[in-house]
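Here is the structure we will look at.
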Amino acid sequence: MGFSPIHGGCQCGGVRYTLSAPPAEVMHCHCSMCRKAHGALFASFGAYPADALAIERGGDSLGDFESSPGSHRLFCPSCGCQLFNRVDKWAQNAFVVLGTLDAGESPGHDPARERHIFWDDRVHWYDVADALPKSAGYGDGT
Ligand SMILES: [Zn+2]
Ligand SMILES: [Zn+2]
């Protein structure tokens, strides 16, 4: 049946987007680059098909920080909100920062396709007490 579109955007409202298909998976990334970029203990992404992401507003003005070769972190230049990752070698995917979904929205993923990545890089003073799969790097998938 039809997929109900998911809506999100940045903190100031300058960037707005819609997702029109579910993600292949959800990843909670504990790498140091995600922690620094997001100012958070880990960052949560949905791996959506690239053509499922429609940026309705602010797409032309997104900031682009290449945190490692071929990996672009796109953010709102006005409020600093991290919104999307685009990885050149995985161009078929748009990695959407799930914290930017509007209140009440869910990622729309299969709960069996959710996991932690770069687990060995996590901060050791916060206990993530869930039963999701955990891998040192990207693990399998993507
Ligand atoms: Zn903004
Ligand atoms: Zn990361």
Side-chain angles (χ1 to χ4, degrees), residues 3-142:
F3 179 82
S4 292
I6 300 167
H7 302 282
C10 68
Q11 188 171 15
C12 76
V15 181
R16 293 291 303 164
Y17 65 85
T18 298
L19 296 159
S20 58
E25 62 177 341
V26 163
M27 292 163 286
H28 305 289
C29 186
H30 298 258
C31 83
S32 61
M33 289 181 287
C34 283
R35 286 194 277 108
K36 294 287 187 179
H38 293 252
L41 303 189
F42 56 93
S44 301
F45 300 93
Y48 290 86
D51 60 6
L53 170 64
I55 302 174
E56 271 108 26
R57 189 160 76 216
D60 293 339
S61 62
L62 287 171
D64 180 338
F65 177 64
E66 191 170 7
S67 59
S68 55
S71 180
H72 298 265
R73 295 174 184 272
L74 305 179
F75 58 93
C76 173
S78 297
C79 69
C81 175
Q82 297 280 331
L83 289 141
F84 315 112
N85 278 21
R86 288 196 193 277
V87 183
D88 290 349
K89 64 180 173 182
W90 295 319
Q92 74 276 14
N93 286 322
F95 298 94
V96 177
V97 179
L98 297 175
T100 66
L101 298 180
D102 289 345
E105 295 281 29
S106 299
H109 65 300
D110 175 350
R113 299 282 292 154
E114 179 174 349
R115 60 200 178 97
H116 292 275
I117 60 174
F118 289 88
W119 180 246
D120 291 353
D121 298 336
R122 71 191 183 280
V123 298
H124 285 271
W125 50 268
Y126 180 79
D127 184 24
V128 176
D130 63 42
L132 295 172
K134 299 167 176 82
S135 60
Y138 286 106
D140 18 288
T142 54

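Not measured: the values here are computed from a predicted model. One-based numbering, in listed order, for ligands and for the atoms of each.
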Checklist entry - In terms of heavy-atom contacts, does CD of Glu66 have more than 12 from other residues, nucleotides or ligands at under 6.0 Å? => result yes
Next on the checklist: At less than 2.8 Å, would any N/O/S atom of Cys81, backbone or side chain, sit next to the Zn ion (ligand 1)?
Outcome noted: no
Checklist entry - Has Cys34 got an N, O or S atom lying less than 2.8 Å from the Zn ion (ligand 2)? => result yes
Checklist entry - Backbone N or O of Cys79 within a donor-acceptor pair of the Gln11 side chain at under 3.5 Å? => result no
Checklist entry - What's the verdict on side-chain hydrogen bond (donor to acceptor under 3.5 Å, both in side chains) for Ser20 and Tyr48, showing C-alpha distance, side-chain angles and the deciding distance? => result CA-CA 9 Å; Ser20 58; Tyr48 290 86; over 6 Å; no
Checklist entry - How wide is the angle at the Zn ion (ligand 1) between SG of Cys76 and SG of Cys10, to the nearest 10°? => result 110°
Checklist entry - Under 3.5 Å, side chain of Ser71 to main-chain N/O of Ser68, donor-acceptor pair present? => result no
